Undergrad: 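Let me begin by handing over the structure; questions about it come next.
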Amino acid sequence: MNTSHERSGEHGPDIMIVDTPGGTRPHLALLDDPYISFCGVETSGPSRTWFALTGCKRCAAAARKKGIAAVTDVDGDMCLM
């Protein structure tokens, strides 16, 4: 599980870093609905790829619109949106 944090510093919605079938970059999805990413593509399961390095820019933009400023990346470091 990768936890997001809102701009105010308070705990935000729980989100996951996910892969897509045949995709090469990780995406973001809500833990409650992990089958569709923030950018609308179908997901295939949790990712082990760092979102900060190659994450989907459309997912990051959608996260910012939802008020999510950062995500705990797969290595435990904070990834700013």
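Only this structure's heavy atoms are used, side chains among them; waters, hydrogens and symmetry mates stay out. Start at 1 with the first residue, then count along the sequence. Nothing here was measured: the structure is a model prediction, and the numbers come from that model.
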Undergrad: With a 3.5 Å cut-off and sequence neighbours excluded, list the donor-acceptor pairs that the side chains of residues 74-81 form with protein atoms.
TA:
{"unit_1": "Asp75", "atom_1": "OD1", "unit_2": "Asp77", "atom_2": "N", "d": "3.1"}
{"unit_1": "Asp75", "atom_1": "OD2", "unit_2": "Trp50", "atom_2": "NE1", "d": "3.0"}

Undergrad: Do the side chains of Ser44 and Val18 get nearer than 4.5 Å, heavy atoms only?
TA: no

Undergrad: Shortest non-hydrogen contact from Pro46 to Met16?
TA: CG-CE, 3.5 Å

Undergrad: To the nearest 0.5 Å, how far apart are CZ in Arg25 and OG1 in Thr20?
TA: 9.5 Å

Undergrad: Work out which heavy atom in Asp73 is nearest to a heavy atom in Ala52; give both atom names and the distance.
TA: OD2-N, 2.9 Å

Undergrad: Under 3.5 Å, which donor-acceptor pairs link side chains of residues 31-42 to any protein atom two or more places apart or in another chain?
TA:
{"unit_1": "Ser37", "atom_1": "OG", "unit_2": "Cys39", "atom_2": "N", "d": "3.4"}
{"unit_1": "Ser37", "atom_1": "OG", "unit_2": "Gly40", "atom_2": "N", "d": "3.4"}
{"unit_1": "Ser37", "atom_1": "OG", "unit_2": "Val41", "atom_2": "N", "d": "3.2"}
{"unit_1": "Ser37", "atom_1": "OG", "unit_2": "Val41", "atom_2": "O", "d": "3.4"}

Undergrad: Please name the residue in the list Ser47, Cys59, Cys56 that meets the side chain to side chain contact (heavy atoms under 4.5 Å, CB included) test with Leu28.
TA: Cys59

